[in-house]
Engineer: 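Have a look at this one.
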Amino acid sequence: MLQVDVYKRLGDFELDVKFELDNEILVLFGPSGCGKSTTLELIAGLKEPDRGRIFNQDSTFFHKVGKDIKVNLPINRRRIGYVFQDYSLFPHMTAFENIAYGIQDSIYSEKKIEGKVDQLLSELRLKGLADHYPCELSGGQQQRVAIARALIVEPDILLLDEPFSALDTLVREKLRQDLLRVHAEFKIPIIYVTHNLTDVFELADKVAIYNEGKIEQFGSKDDVFYRPQTRNTARFVETKNIFDLVVSKCSDSTVEVKNDKLKLTVETKQDLNVGDKVIATIRPEFIDLLIEDSNFKGDNIYSGILRRELCKGAVTRLFINLFNQKDFDLIVDIPTLLAEKLKLNEEVVVNLPKESMHIII
Amino acid sequence: MSRDNSLFEIFLYVLATIALLFISLPLFNLILRSLSLDILTNILTSDFYNAIRVSLIASLITLTINILWGIPVAYLLARKEFPGKGVVQALIFFPIVIPPIVSGILLLMIFGPRTIIGGVLASHGLRFTGTIWGTILAQTFITAPYLIITTKVAFEKVDKKLENVSLLLGKSQGQTFWQVTLPLAKKGIIAGILLTWIRAIGEFGATIILAYHPYSLPIKIWVQFTSGGLQTALPLVIGLILVVIFILIILRLIIGELRLKAF
């Protein structure tokens, strides 16, 4: 288990984070400059915390209490695989030499080294590129060499700092699959920094939502996406529909929340009282568009004017005006096939299912 | 391209041409004058041979000393932060910013036979006046900044992140230096070494104060010029320039080869 509890001040910026991680993939997600990469650098020893403790399995990487540094393990003894956004391959070495670098001058014979490199070359789809210099490889190939180079030393932790952000969507997709395969094989804690939501969806076992040097929320992917605990988390994971309301009625499994324009019924087990100020959220993909000309049933049915459509491929995003005359106040994602039947500036009816809504206290 | 731009470019080209003519004129003039066979056959005399021998031996020893202590200084300046770093960097420029003849006098005040250090060393057989060690001392002092500055730039150009990658892969600082930093800085270091070598071979001002004898090539040129005039000095001048051109060609070849191989 990796345990991190560190504080670091960099000018006006303060990073203060604490988390634990088993052999899982933790995705650090948040806006630029919120301390995600710095966290990796502190774990790796590239930067030194002002205080705190970093501990992995049987090994203490760092421990400082007040001004007293009890442990500060050198970088080269932390057994960390680190993959940078810009690959950082050694330009004077071939792909083979780059990958083999970490186990050269080690106990392994030349034949054994060759075997280990060959295995990683084939696992990461790099066969035939062993003799190429980095400048002769594409971005995706360079990043796979960088991952292979990090893995050959059999690290205890793998840290990836926005590793795929410079690559196109198709390459990213394949590399994510590569990474999941690597994780299944190596079974080590992996920390992955990104500000791409698809990375979070596809890779994360755990997610830490970062904001201004602090962890806004730490939990499973489902918790973070579907049960955000703060308005910022809801915003960062693109919940989109966020309403400030007051509890007006409570029953066993539902509450009624309202403001001067909106009245919603929400299924919840949270302990709420009449008069509590809350935030109600619902993701755009959970809102139903009611098209059939029939008697609509449901607690949270509203009609509004469709102001704008944004086709995102298979899904189309609708911007619906419920109350405002100028702007939109509801965002709904529906299959593009359904959207083709809609016309701008005409009325649409939507249902906000009470079981898909979430309350932030 | 706008009219303004083209006028601006013409202005740049005119100024650049004037500057290049000014710089290259002495060399072209020398080539024209040396077209007479007499001068060329006069280059390889015993005077030239003796002087170039002193210059080469002294400059190679100078180079070895400067590499041994210059590269560590350059690496530390490029990679480490320490109190007084700014002062150290300014000090390194000292031999460049003062006239070489003044450097010679300053060295004489420390290593001359009547000084404490010079006296002690002389009593152990190491004299810095009138010996090749004086030539070496002068060359080393004058050329040290060239090697340190060029090598420091070469180290700074190596991405620090690559050194971090090496450490993260479990390598020691020493292994990282030999396997990552040095190979990546190699091109710049070799360029620095060769430029230092050229500067050492041409060193005159400080050398003449410390070691008039044995004649190094620049001093021999000066001696010939003051005693026999331009015609007697000219073969030696051409010889010195040929040596420098030879080193420059080696420099181009090495850098060119490195670029082809790895970059």
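By convention in this document, chain letters (A, B, ...) are assigned in the order of the sequence lines, proteins followed by strands, and residues within each chain are numbered from 1.
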Engineer: Measure across B:Q179 and A:H92 and return the closest heavy-atom pair with its distance rounded to 0.1 Å.
Structural biologist: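 Looking at all heavy atoms of both residues, the closest pair is O-NE2, 3.0 Å.
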
Engineer: Taking all non-hydrogen atoms of both residues into account, name the closest pair between B:L184 and A:P91 and its distance.
Structural biologist: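 Scanning both residues, the minimum pair turns out to be CD2-CG, 3.5 Å.
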
Engineer: Is it the case that over 12 heavy atoms from other parts of the model lie below 6.0 angstrom from the CZ atom of B:F22?
Structural biologist: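 12 or below, so no.
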
Engineer: For chain B, which residues of residues 44-52 of chain A have at least one non-hydrogen atom nearer than 4.5 Å to it?
Structural biologist: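 So the qualifying residues are A:A44, A:L46.
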
Engineer: Around atom CZ of B:F246, are there more than 12 heavy atoms of other residues, nucleotides or ligands at under 6.0 Å?
Structural biologist: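 Open.
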
Engineer: Within residues 96-123 of chain A, which residues come under 4.5 Å of chain B, heavy atom to heavy atom?
Structural biologist: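 At a heavy-atom separation under 4.5 Å, chain B is reached by A:Y101, A:G102, A:Q104, A:D105.
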
Engineer: Take atom CD in A:E136; do more than 12 heavy atoms of anything else shown fall under 6.0 Å from it?
Structural biologist: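 Yes, CD of A:E136 has more than 12 neighbouring heavy atoms, counting only those of other groups under 6.0 Å.
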
Engineer: Give, as side chain, backbone, both or neither, the part of A:L89 having an atom under 4.5 angstrom from any heavy atom of chain B.
Structural biologist: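 For A:L89, the backbone is the part near chain B, not the side chain.
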
Engineer: Enumerate donor-acceptor pairs with a distance under 3.5 Å from any side-chain N or O in residues 83-91 of chain B to protein atoms, sequence neighbours excluded.
Structural biologist:
{"unit_1": "B:K85", "atom_1": "NZ", "unit_2": "B:L77", "atom_2": "O", "d": "2.8"}
{"unit_1": "B:K85", "atom_1": "NZ", "unit_2": "B:K80", "atom_2": "O", "d": "3.0"}
{"unit_1": "B:K85", "atom_1": "NZ", "unit_2": "B:E81", "atom_2": "OE2", "d": "3.2"}

Engineer: How would you list, in number order, the residues of residues 75-88 of chain A that have a heavy atom less than 4.5 Å from chain B?
Structural biologist: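 Only A:I75, A:N76, A:I80, A:Y82, A:F84, A:D86, A:S88 of residues 75-88 of chain A have a heavy atom under 4.5 Å from chain B.
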
Engineer: What part of A:A150 lies closer than 4.5 angstrom to a heavy atom of chain B: side chain, backbone, both or neither?
Structural biologist: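 Contact with chain B is through the backbone of A:A150 alone.
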
Engineer: State, with a plain yes or no, whether a side-chain heavy atom of B:S166 is found less than 4.5 Å away from one of A:F90.
Structural biologist: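 A side-chain contact under 4.5 Å exists here.
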
